[in-house]
Amino acid sequence: MAAGGNGAYSDTLEMDATDRELLNLLQDGLPLCERPFLALAEQLGISEREAVDRAQAMRQAGVIRRFGGVFNSRSLGFSTTLCAAAVPLANVDEAADIISSYDCVTHNYLRSNAYNLWFTVIAASAAALEGTIREMEQRIGVSIYTLPSAQLFKVDARFAL
């Protein structure tokens with residue numbers, strides 16, 4: 001589960017089989033066409049409006065964290081790194097909210113470890129990346145350790161719902 005407010009799951013949404021199948025389809029990405037939700041709706045046997053409404057409800061409930069493209073940031077010249085911080089448990093929610101407030105943070109997770117807050121940061125340059133991390137350190141009051149990848153592995157995680 002994501003730490004902080006961005007990825008919090010809501011118990012208030014009752015999902016049915018159509019919601020689960022829509023989530024399965026969305027994990028493969030939106031179809032590249034003029035009306036992607038119509039294409040998804042046709043696969044599900046529902047209307048385009050219903051597909052959009054269901055996706056919006058899941059987004060509002062926190063089941064869907066974000067919609068967006070996935071790009072190879074390195075080939076676009078961006079810098080990225082995995083970060084870890086040892087945040088006192090009493091401050092972890094506040095720290096997670098601060099970190100999640102940055103648009104350049106793509107993931108933010110709480111782990112059961114001395115380094116309990118893990119997140120990834122992407123920036124237009126190495127200097128911008130470093131500056132953002134130092135700013136975060138000042139705001140949350142702890143050191144952030146950067147763990148840049150030595151070798152890139154792309155794991156395509158999908159969850160059968």
Side-chain angles (χ1 to χ4, degrees), residues 1-85 87 92-113 116-125 128-129 132-133 136 139-140 146-149 151-161:
M1 179 179 285
N6 288 14
Y9 177 77
S10 172
D11 306 342
T12 60
L13 180 70
E14 291 189 32
M15 292 180 20
D16 63 15
T18 303
D19 288 325
R20 287 180 180 80
E21 187 57 29
L22 178 57
L23 284 174
N24 285 333
L25 292 172
L26 288 170
Q27 288 182 82
D28 290 329
L30 289 171
L32 295 176
C33 61
E34 187 174 328
R35 294 173 64 187
F37 278 93
L38 177 60
L40 293 173
E42 289 171 348
Q43 292 180 60
L44 295 169
I46 61 176
S47 71
E48 179 181 27
R49 176 80 269 152
E50 184 178 351
V52 169
D53 289 346
R54 285 174 178 269
Q56 285 178 333
M58 288 186 283
R59 173 88 166 94
Q60 289 171 347
V63 174
I64 296 173
R65 186 175 58 150
R66 66 179 287 274
F67 282 104
V70 177
F71 302 94
N72 183 335
S73 57
R74 287 183 182 201
S75 67
L76 295 171
F78 285 79
S79 295
T80 185
T81 191
L82 175 65
C83 298
V87 179
V92 78
D93 287 337
E94 180 183 359
D97 286 342
I98 290 169
I99 289 166
S100 292
S101 73
Y102 286 82
D103 289 338
C104 59
V105 172
T106 59
H107 300 83
N108 183 3
Y109 296 95
L110 183 63
R111 296 214 169 156
S112 300
N113 191 297
N116 54 355
L117 199 56
W118 291 70
F119 54 97
T120 55
V121 180
I122 183 170
S125 68
L129 183 72
T132 299
I133 292 168
M136 289 175 174
R139 290 186 65 196
I140 65 173
T146 60
L147 304 146
S149 61
Q151 184 175 355
L152 183 62
F153 295 94
K154 179 62 180 160
V155 176
D156 192 17
R158 290 194 174 21
F159 304 96
L161 302 169

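This chain uses plain numbering: 1 for the first residue, then up along the sequence. Since the model is a prediction, treat every value here as computed from it, not as a measurement.
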Once side-chain contact (heavy atoms from CB on, under 4.5 Å) is applied, do any residues pair with [X], and if so which ones, sequence neighbours excluded?
{"X": "Glu42", "result": "Leu38"}
{"X": "Ala39", "result": "Pro31, Cys33"}
{"X": "Ala124", "result": "Phe78"}
{"X": "Thr81", "result": "Cys83, Leu129, Ile133, Thr146, Pro148"}

About how many Å separate [atom2] of [Y] and [atom1] of [X], when rounded to the nearest 0.5 Å?
{"X": "Leu30", "Y": "Leu40", "atom1": "CG", "atom2": "CG", "result": "6.0 Å"}
{"X": "Leu26", "Y": "Arg59", "atom1": "CG", "atom2": "CZ", "result": "12.5 Å"}
{"X": "Leu44", "Y": "Asn24", "atom1": "CG", "atom2": "CG", "result": "9.5 Å"}

Legend entry - Check: Asn108 side chain, Phe119 main-chain N or O, donor-acceptor pair, under 3.5 Å: no
Inset, instruction - Measure from the side-chain N and O atoms of Ser101 to the backbone N and O of Ile98, and report whether any donor-acceptor pair falls under 3.5 Å. - result: yes
Indicate the atoms forming the closest heavy-atom contact of [X] with [Y], along with that distance.
{"X": "Ala51", "Y": "Leu22", "value": "O-CD2, 3.7 Å"}
{"X": "Ala96", "Y": "Leu117", "value": "N-CD2, 3.9 Å"}
{"X": "Arg20", "Y": "Met15", "value": "NH1-O, 2.9 Å"}
{"X": "Ser125", "Y": "Ala128", "value": "OG-N, 3.0 Å"}

Taking only residues two or more places apart in sequence or in another chain, which ones pass side-chain hydrogen bond (donor to acceptor under 3.5 Å, both in side chains) with [X]?
{"X": "Asp19", "answer": "Arg54"}
{"X": "Arg111", "answer": "none"}
{"X": "Ser149", "answer": "Arg74"}

Inset, instruction - Mark yes when over 12 heavy atoms from residues, nucleotides or ligands other than Leu76 sit less than 6.0 Å from its CG; otherwise mark no. - result: yes
Sequence neighbours excluded, which residues qualify as salt bridge (charged side-chain N to carboxylate O under 4.0 Å, His left out) partners of [X]?
{"X": "Glu94", "result": "none"}
{"X": "Arg49", "result": "Asp53"}
{"X": "Asp28", "result": "Arg158"}
{"X": "Glu48", "result": "Arg35"}

Legend entry - side-chain contact (heavy atoms from CB on, under 4.5 Å) between Val121 and Ile99, intermediate numbers included: CA-CA 10 Å; Val121 180; Ile99 289 166; over 6 Å; no
Legend entry - Any pair counted as salt bridge (Lys or Arg N to Asp or Glu O under 4.0 Å), so long as it reaches residues 98-110, sequence neighbours left out: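 Applying salt bridge (Lys or Arg N to Asp or Glu O under 4.0 Å) to every pair that reaches into residues 98-110, excluding sequence neighbours, yields nothing.
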